[in-house]
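In what follows, every heavy atom counts, from backbone to side chain, and hydrogens, waters and symmetry copies are set aside. Remember, it's a predicted structure, so these values are computed and weren't measured experimentally. We count ligands from 1, going down the list as the structure has it; atoms in each ligand are counted the same way.
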Amino acid sequence: MDMKTQGMPLDGLLTVDRDRLWNSLMEQGKIGETDKGGLNRQALTDLDRQVRELFISWGKEAGCEVSIDQIGNIFVRRPGVDNSLPPVMTGSHIDTQPTGGKFDGCFGVMAGLESIRRMNDLGIKTQAPVEVVAWTNEEGCRFPPCMMGSGVFTGEFELEPTLAIRDAEGISVGEALTKIGFAGEKPVPGHPVGAYFEAHIEQGPVLEDAEKTIGVVIGALGQKWFDLSIQGVESHAGPTPMSLRHDAGLVAAELITFVNRTALEHAPHGRGTVGCLDLFPGSRNVIPGQVNMTVDFRHLEADALDAMVNGLKAKIAELEALHGVQVSLTPTADFAPLYFADNCVSYVRDAAAGLGYGHMDIVSGAGHDAIFLAEKAPAGMIFVPCEGGISHNEMERADADDLAAGASVLLNALVNAAGIEEAK
Ligand SMILES: [Zn+2]
């Protein structure tokens with residue numbers, strides 16, 4: 001056991017079976033395994049079918065009822081004492097990126113399953129049912145958008161248009177669901193949820209850097225994305241003096257550094273990224289006449305996010321005047337910042353503290369199914385470190401002790417939220 005996870009659990013706190021969790025993760029990780037030890041298991045492929053069937057068989061072995069909804073989300077339900085109560089839910093996704101790892105998403109589903117197995121071991125009865133969900137197509141790489149299953153479950157996306165979305169080969173979501181036998185009947189939007197928890201690898205370097213085992217996720221960064229097009233004048237690099245240019249490339253460079261500086265000025269939660277940049281005509285002795293680029297701004301506070309965007313607009317106006325160019329700024333995505341429910345955050349923080357795990361409050365910079373679920377029910381997330389903060393990569397790695405710690409926090413949060421009745 002490493003320094004991070006040292007500590008004795010307080011009375012009444014539960015821990016999962018570390019090896020059983022790890023073995024389940026490794027076993028599901030054989031389905032679609034790549035040469036480099038990652039996974040290529042894209043949504044609604046035959047490999048996705050295989051891991052879905054494995055998950056269902058494990059759920060049934062744990063004595064749970066299994067149901068599938070119209071977008072293929074799988075619900076594994078452990079009955080409670082009072083089954084008229086909405087279930088306390090946990091889950092994540094088992095589809096991956098083409099060069100994905102074995103932990104992104106899969107950890108959350110396997111941690112939920114391990115929580116149920118542990119409740120069985122200990123004869124725990126919860127008041128409300130506990131449900132483990134595998135959401136369809138969280139990654140969105142074969143069929144955009146991402147978080148498709150949780151989006152349809154929560155009513156964020158409508159069923160029919162979603163079923164009609166096609167992949168690069170022209171196969172629709174509806175056709176793919178039918179082909180793998182997962183076009184379920186349970187209606188969407190789905191049933192009420194008492195509370196939702198999701199355990200996930202951090203996919204960033206913060207926990208590892210701070211040497212903490214558990215990230216208590218307090219919220220998710222809001223996001224504003226833009227396409228930006230700069231219109232200058234292409235001209236010969238030799239005969240055109242510096243003072244008489246309308247250099248779209250130079251304006252792009254100024255904007256890249258401005259985006260970076262703006263995010264730094266809004267620390268610690270500001271993020272600013274220019275991820276795409278195309279210069280035209282792309283000739284070494286021609287001044288760029290046009291640039292197409294993207295801007296991705298994120299922040300935990302709506303006001304700060306607005307201030308970052310307003311700063312960009314002011315900078316654009318200044319650069320247009322200075323360089324005689326025209327800039328168009330087109331919004332392409334807009335997600336409001338999110339704060340998870342206080343009671344769910346407390347369940348997570350109290351469990352981490354009680355179990356003696358090093359923990360810290362953290363924000364999610366990425367999208368997760370929990371973000372849609374938070375619209376429907378009180379929700380919270382648990383992060384554990386991943387090696388080097390690397391994810392969406394075959395080299396993705398996580399430590400078995402850290403994963404067990406995250407799953408133990410999840411187990412306590414689920415039991416507390418569902419209400420416990422000790423076995424006689
Ligand atoms: Zn994920």
Side-chain angles (χ1 to χ4, degrees), residues 21 24-25 28-29 31-32 34 38-45 47-48 51-52 55 71-74 89-114 132-154 156-157 196-208 214-215 217 219-221 223 298 335 338 340 348 362-374 379-398 402-403 406-407 409-410:
L21 171 66
S24 294
L25 268 164
Q28 65 82 30
I31 302 171
T34 62
L39 285 180
N40 178 1
R41 201 167 63 201
Q42 296 177 56
L44 311 184
T45 56
L47 292 168
D48 188 16
V51 73
R52 286 163 169 267
F55 171 56
I71 194 68
N73 296 317
I74 305 168
M89 194 183 258
T90 186
S92 196
H93 59 96
I94 44 181
D95 68 309
T96 78
Q97 291 283 334
T99 55
K102 288 177 177 162
F103 303 96
D104 174 4
C106 306
F107 166 56
V109 177
M110 295 302 131
L113 194 64
E114 173 55 30
V132 185
V133 191
W135 301 112
T136 292
N137 186 30
E138 191 273 349
E139 295 290 4
C141 43
R142 180 180 174 199
F143 298 103
C146 41
M147 310 191 298
M148 179 180 280
S150 52
V152 171
F153 177 82
T154 54
E156 193 76 23
F157 304 142
Y196 179 80
F197 295 94
E198 183 167 346
H200 207 283
I201 56 167
E202 183 199 336
Q203 303 182 285
V206 175
L207 291 173
E208 190 176 74
I214 299 294
V217 187
L221 302 180
Q223 307 183 23
R298 305 185 188 210
F335 299 101
L338 171 88
F340 286 124
V348 171
I362 195 168
V363 295
S364 173
H368 291 291
D369 296 305
I371 291 167
F372 281 155
L373 267 292
M381 288 192 80
I382 302 153
F383 279 174
V384 297
C386 56
E387 207 176 288
I390 290 170
S391 174
H392 285 191
N393 186 314
E394 291 163 274
M395 302 312 287
E396 184 183 281
R397 295 277 181 278
D402 292 345
L403 296 167
V409 170
L410 175 67

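Among the atoms of E139, no N, O or S atom is found under 2.8 Å from the Zn ion (ligand 1). Not one N, O or S atom of H368 sits under 2.8 Å from the Zn ion (ligand 1).
For Q28 (side chain) and V51 (main-chain N/O), no donor-acceptor pair under 3.5 Å exists by modelled atom type. Between the side chain of D95 and the backbone N or O of E138 there is at least one donor-acceptor pair closer than 3.5 Å.
Two rings, from F383 and H368, have their centers less than 6.0 Å apart. Ring centroid separation for the pair F157 and F372 comes in under the 6.0 Å cut-off.
D104 contributes OD1 and H93 contributes NE2; the angle these two atoms make at the Zn ion (ligand 1) is 100°, rounded to 10°.
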